[in-house]
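What follows is a short report on a single structure.
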Amino acid sequence: MDVKAPATIPYFLQEQIRELIVNGTIRPGQPLREQELEQRFGTSRSPIREALRLLELSGLVTHIQRKGFRVTLYTETQIRHLYMLRAELEAYCIRQVAEMPDLSALVAELTTQHEAIVAAMGRLDGRGFIAASRDFYLAAARFTGNAPLTSMLGKVYEQIEPLRHMLASRSLEANKIPIYTEGVIQALRVRDFDHAAALTRKYVVQVLPDIVRAYREASLDDA
């Protein structure tokens, strides 16, 4: 059943449309026709347009002059750039916590998120898996107290969330991230920051071909 929203809540509409993009209901490159969204949510065009502008700022939606809004469609090169940026930011977060004398609180938080990742995989819960793995690395960013770093990493995760959902929906049980998250935790316990940072990069390099393949297959399905 379509969700109905008051016409004065563009942020609510933003979240509803975002969810449709992330879970694949609205596919990469698909036009976001304002009239159709008006009918779906029972609202007027103005808050719909504002919601789409907010999604454009996050990178999930693209506006093309004289053609309107559509879900952002990435090239393989853009996907690789986003994921390698993610890898470098995550590794930088790990290196930054080297300046902290006591990592016990961070290790406890990372352990909690690692357990949440494993539990979500056991339930085949793709959204829970994505949220827990995102929180794992954001925990390290927040621990540094570096607000710009945390914000930038959060924005990268926002842009790649539909890609991560595509992969999780296809092969969640085969994902190897628990090996890496456990390795990061163990490395931080002994303050081996270089090894912990290397593990974050290694995971991204391993999963990137699968991400590209899943995205390509989704595009072929659309075609």
Side-chain angles (χ1 to χ4, degrees), residues 14-33 36-37 40 51-52 54-91 117-118 120-138 152-181 198-223:
Q14 174 196 10
E15 287 303 312
Q16 294 300 313
I17 299 169
R18 176 187 179 279
E19 177 63 21
L20 295 173
I21 294 171
V22 169
N23 68 25
T25 301
I26 304 177
R27 308 301 290 274
Q30 185 173 333
L32 292 161
R33 297 185 176 89
E36 292 177 2
L37 293 172
R40 175 185 286 270
L52 293 174
L54 292 169
L55 288 165
E56 183 183 17
L57 292 175
S58 74
L60 292 179
V61 166
T62 301
H63 183 264
I64 301 175
Q65 193 170 8
R66 293 189 294 276
K67 292 186 178 180
F69 293 95
R70 64 182 59 236
V71 179
T72 298
L73 180 64
Y74 297 118
T75 65
E76 291 188 15
T77 298
Q78 288 171 325
I79 294 172
R80 294 179 189 280
H81 288 169
L82 280 169
Y83 267 79
M84 295 315 299
L85 175 59
R86 168 195 167 181
E88 290 305 315
L89 289 174
E90 289 173 350
I117 290 169
V118 173
M121 291 179 68
R123 299 189 306 270
L124 297 181
D125 175 9
R127 296 307 300 274
F129 166 80
I130 290 169
S133 56
R134 171 180 176 145
D135 288 343
F136 181 91
Y137 289 104
L138 281 177
M152 184 175 295
L153 185 57
K155 288 178 180 177
V156 171
Y157 284 143
E158 178 73 8
Q159 285 187 263
I160 67 175
E161 187 158 353
L163 309 177
R164 299 174 71 208
H165 187 277
M166 283 180 192
L167 183 62
S169 65
R170 292 174 182 233
S171 58
L172 181 58
E173 65 278 5
N175 197 288
K176 303 298 184 184
I177 194 172
I179 297 172
Y180 293 94
T181 52
L199 284 172
T200 64
R201 289 197 194 90
K202 187 175 180 180
Y203 171 71
V204 171
V205 170
Q206 183 201 52
V207 78
L208 184 53
D210 294 330
I211 290 285
V212 171
R213 189 179 306 112
Y215 196 76
R216 185 190 304 123
E217 289 172 0
S219 299
L220 288 173
D221 289 345
D222 289 340

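Note: hydrogens, waters and symmetry copies are ignored here, and every other heavy atom, side chains too, is used.
For Glu15, the salt bridge (Lys or Arg N to Asp or Glu O under 4.0 Å) criterion is met by no residue, not counting sequence neighbours. Qualifying side-chain hydrogen bond (donor to acceptor under 3.5 Å, both in side chains) partners for Tyr180, counting only residues two or more places apart in sequence or in other chains: none. For Asn175, the side-chain hydrogen bond (donor to acceptor under 3.5 Å, both in side chains) partners are Tyr203, not counting sequence neighbours. With sequence neighbours left out, Thr181 forms a side-chain hydrogen bond (donor to acceptor under 3.5 Å, both in side chains) with His114.
Between atom CD of residue Glu56 and atom OG1 of residue Thr62 there is a gap of 7.0 Å, rounded to the nearest 0.5 Å. Distance check, rounded to the nearest 0.5 Å: CG of Leu32 to CG of Leu37 gives 6.0 Å. Between atom CD of residue Glu19 and atom OG1 of residue Thr25 there is a gap of 7.5 Å, rounded to the nearest 0.5 Å.
Residue Gly128 comes nearest to Ala120 through the heavy atom pair C-CB, 3.7 Å, listed as atom of the first residue, atom of the second, then distance. Closest non-hydrogen pair, Leu60 versus Gln159, comes out as CD2-O, 4.0 Å. Here the shortest heavy-atom pairing between Pro178 and Val118 reads CB-CG2, 4.1 Å. Listed here is the closest heavy atom pair of Tyr157 and Arg164: CD2-NH1, 4.4 Å. Scanning both residues, Pro28 and Leu73, for their nearest heavy atoms gives CB-CD1, 3.7 Å. Here the closest non-hydrogen pair linking Gly126 and Ala168 is CA-CB, 4.2 Å.
Counting only heavy atoms from C-beta outward, the side chains of Ile79 and Leu208 approach each other to under 4.5 Å. Side-chain contact between Ile130 and Val22 is absent, with no heavy atoms from C-beta onward closer than 4.5 Å. Side-chain contact between Thr75 and Tyr215: absent, with no pair of heavy atoms (C-beta onward) separated by less than 4.5 Å. Annotation: side chain of Val61 is in contact with side chain of Ile21 (closest heavy-atom distance under 4.5 Å). Residues Leu163 and Tyr83 form a side-chain contact, since some pair of their non-hydrogen atoms from C-beta on lies under 4.5 Å apart. Taking 4.5 Å as the limit, some side-chain heavy atom of Ile117 sits within range of a side-chain heavy atom of Phe129.
Considering Gln30, Arg40, Arg27 as possible partners of Leu20, the one that fulfils the side-chain contact (heavy atoms from CB on, under 4.5 Å) test is Arg40. A side-chain contact (heavy atoms from CB on, under 4.5 Å) with Val207 is found for one member of Val212, Leu167, Ile177 and no other, namely Leu167.
Here salt bridge (charged side-chain N to carboxylate O under 4.0 Å, His left out) pairs that include residues 58-82, with residues two or more places apart or in two chains, are Glu76-Arg216. For residues 200-215, the set of pairs meeting the salt bridge (charged side-chain N to carboxylate O under 4.0 Å, His left out) definition, not counting sequence neighbours, comprises Glu88-Arg201, Asp210-Arg213.
Judged purely by distance below 3.5 Å, without hydrogens or angles, the side chains of Arg18 and Ser58 never pair a donor atom with an acceptor atom.
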Kindly indicate, with the supporting measurements, whether the criterion side-chain contact (heavy atoms from CB on, under 4.5 Å) is fulfilled by Ile211 and Ile160. CA-CA 10 Å; Ile211 290 285; Ile160 67 175; over 6 Å; no
